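All remarks here apply to the structure that follows.
Remember, it's a predicted structure, so these values are computed and weren't measured experimentally.
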Amino acid sequence: TGIGYNGFPRGCSDDKLPWAKKSARGDPLETKYPYVVHAEVNAILNTNHASAAGQKLYVTMFPCNECAKIIIQSGVSEVLYFVEKRIDNSDHVYVASHNLLSMAGVKVRKHQPQMAQIPINFQDPRV
């Protein structure tokens with residue numbers, strides 16, 4: 001197993017790089033996108049196995065095309081996702097991702113939760 005989250009590469013300070021989604025001046029280098037390592041990549045790199053080959057990858061959002069390439073190269077056998085972040089059905093990043101994963105024989109499944117919510121009780125029942 002491995003766990004990953006969106007974040008900057010090891011040794012690159014959160015205090016020195018931008019977290020913005022948009023730049024006020026339109027400069028892409030003032031946004032997080034050219035610097036962030038996606039959760040999928042971090043999960044694969046942080047795996048507790050010698051390899052990610054044959055493993056399932058659970059993700060919140062359907063992976064982009066760049067992550068799909070790494071998923072395929074690492075040997076992950078199945079991707080389970082919760083939501084697909086597509087502005088419209090023609091977003092080339094996600095169309096390419098679907099194409100690549102399908103061609104490589106990586107099984108892809110949308111997670112269907114059994115419950116709409118998970119209630120958490122913070123009261124100690126022993127009190």
Side-chain angles (χ1 to χ4, degrees):
T1 58
I3 191 164
Y5 55 89
N6 287 356
F8 298 127
R10 187 176 293 132
C12 297
S13 173
D14 288 8
D15 296 329
K16 295 181 180 176
L17 291 171
W19 273 107
K21 291 184 177 185
K22 292 183 179 182
S23 165
R25 299 183 315 169
D27 182 352
L29 293 176
E30 292 178 351
T31 70
K32 64 182 180 175
Y33 299 109
Y35 306 107
V36 167
V37 178
H38 285 176
E40 296 89 337
V41 175
N42 275 324
I44 289 167
L45 293 173
N46 293 329
T47 185
N48 293 331
H49 298 277
S51 150
Q55 301 296 313
K56 292 179 183 179
L57 180 66
Y58 295 84
V59 295
T60 305
M61 297 187 325
F62 191 87
C64 71
N65 64 316
E66 292 300 318
C67 289
K69 292 181 231 178
I70 293 166
I71 289 165
I72 293 164
Q73 292 296 86
S74 71
V76 167
S77 62
E78 184 174 1
V79 175
L80 292 97
Y81 67 96
F82 182 59
V83 294
E84 190 156 8
K85 181 184 174 182
R86 291 208 282 187
I87 297 167
D88 59 42
N89 289 338
S90 65
D91 188 332
H92 70 280
V93 168
Y94 297 101
V95 172
S97 180
H98 275 282
N99 291 342
L100 288 168
L101 293 167
S102 176
M103 278 188 241
V106 176
K107 185 176 179 182
V108 176
R109 253 190 314 151
K110 180 171 176 29
H111 174 67
Q112 299 294 332
Q114 302 292 317
M115 302 180 296
Q117 62 183 2
I118 299 173
I120 298 174
N121 183 352
F122 289 107
Q123 298 293 324
D124 186 345
R126 298 172 289 169
V127 176

Q | Sub-4.5 Å side-chain heavy-atom contact between I70 and E40 | A | no

Enter the distance from [X]:[atom1] to [Y]:[atom2] here, rounded to the nearest 0.5 Å.
X: D91; Y: E84; atom1: CG; atom2: CD; result: 9.5 Å
X: L100; Y: C67; atom1: CG; atom2: SG; result: 12.0 Å
X: C64; Y: H38; atom1: SG; atom2: NE2; result: 5.0 Å

Donor-acceptor contact below 3.5 Å, side chain [X] vs main chain [Y]:
X: N6; Y: A39; value: yes
X: N46; Y: G2; value: no
X: N65; Y: A96; value: no
X: S102; Y: N99; value: no

Q: List, by chain and number, the other hydrophobic cluster members for M115, where Ile, Leu, Val, Met, Phe, Trp and Tyr join if side-chain heavy atoms come within less than 4.5 Å, directly or indirectly.
A: I118

Under the rule for side-chain contact (heavy atoms from CB on, under 4.5 Å), what residues qualify as partners of [X], not counting sequence neighbours?
X: A52; answer: I44, S74, V76
X: K21; answer: K32, Y33
X: F8; answer: C12, D14, L17, W19, Y35, V36

Taking every non-hydrogen atom, the tightest pair across [X] and [Y]:
X: V59; Y: V79; answer: CG2-CG1, 4.0 Å
X: P18; Y: T31; answer: CG-O, 3.3 Å
X: G4; Y: N42; answer: CA-CB, 3.8 Å
X: P28; Y: G26; answer: CD-O, 3.3 Å
X: A68; Y: S97; answer: CB-OG, 3.4 Å

Q.
I need the full list of ring-ring contact (aromatic ring centres under 6.0 Å, His included) pairs touching residues 56-83, with sequence neighbours left out, sorted by first then second residue.
A. F62-Y81, F62-H98

**Q.** L45 reachable from V106 in the ILVMFWY side-chain graph, under 4.5 Å edges
**A.** yes

Q.
Grouping I, L, V, M, F, W and Y whenever their side-chain heavy atoms are under 4.5 Å apart, do M61 and V93 come out in a common cluster?
A. no

Q. Does CG in L80 sit with more than 12 non-hydrogen atoms of other residues, nucleotides or ligands closer than 6.0 Å?
A. yes

Q: Report, as yes or no, whether the 6.0 Å neighbourhood of atom CD on E30 holds more than 12 heavy atoms from other residues, nucleotides or ligands.
A: yes

(Q) Filter on salt bridge (Lys or Arg N to Asp or Glu O under 4.0 Å), then keep only pairs touching residues 107-117, sequence neighbours left out; what's left? (A) E78-R109

